[in-house]
Amino acid sequence: SRALANFHKAHAIRENDIRPYIGLAASYRAKGMFFDAKRMLDEARKKFGRVPAIEVEMTFLKGE
């Protein structure tokens with residue numbers, strides 16, 4: 001999808017910005033790609049810690 005492509009570009013350009021990680025995770029989740037969404041959030045946790053933006057996205061994956 002276009003959103004995924006754009007977030008991938010942003011992620012490549014701005015590795016130290018949490019927003020592309022969150023955007024990718026949300027886009028993956030919206031497409032039913034839960035494994036990829038969790039992988040992206042796990043990567044974000046390693047880089048940024050357990051910040052609220054990541055933890056909120058994680059709650060959306062509970063039960064998926």
Practice item. Name all residues meeting the side-chain hydrogen bond (donor to acceptor under 3.5 Å, both in side chains) criterion together with Lys31; count only those two or more places apart in sequence or in a different chain, and write none if there are none. Key: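 For Lys31, no residue satisfies side-chain hydrogen bond (donor to acceptor under 3.5 Å, both in side chains) once neighbours in sequence are set aside.
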Practice item. Would you check if Lys38 and Arg29 make a side-chain contact, meaning some heavy-atom pair closer than 4.5 Å? Key: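 Contact flag for Lys38/Arg29 side chains = no.
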Check your understanding: Between Asn16 and Lys47, is any pair of side-chain heavy atoms under 4.5 Å apart?
Key ->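 When only atoms from C-beta onward are counted, Lys47 and Asn16 do touch, with a gap below 4.5 Å.
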Practice item. Could I get the full list of side chain to side chain contact (heavy atoms under 4.5 Å, CB included) partners for Arg50, not counting sequence neighbours? Key: Arg45, Glu55
Practice item. Taking side chain to side chain contact (heavy atoms under 4.5 Å, CB included) as the test, write out the residues that go with Arg19, two or more places apart. Key: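 Applying side chain to side chain contact (heavy atoms under 4.5 Å, CB included) to Arg19 gives Arg14, Asp17.
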**Study point:** Lys/Arg-Asp/Glu bridge criterion (N-O < 4.0 Å) met for Lys46, Asp42
**Key:** no
Practice item. Not counting sequence neighbours, which residues clear ring pair (Phe, Tyr, Trp, His ring centres under 6.0 Å) with Tyr28? List them please. Key: none
Review point. Can you name the nearest heavy-atom pair linking Ala25 to Ala37, along with the distance?
Key: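 Of all heavy-atom pairs spanning Ala25 and Ala37, the closest is O-CB, 3.5 Å.
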Review point. So, for Leu4 and Ser27, which heavy atoms are closest and what is the spacing to 0.1 Å?
Key: CD2-CB, 3.5 Å
Practice item. First locate atom CD1 of Ile54, then atom CE of Met40, and finally report the distance between them rounded to the nearest 0.5 Å. Key: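 The distance works out to 11.5 Å.
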Check your understanding: For the atom pair CE (Met58) and CG (Leu41), what is the distance rounded to the nearest 0.5 Å?
Key -> 5.0 Å
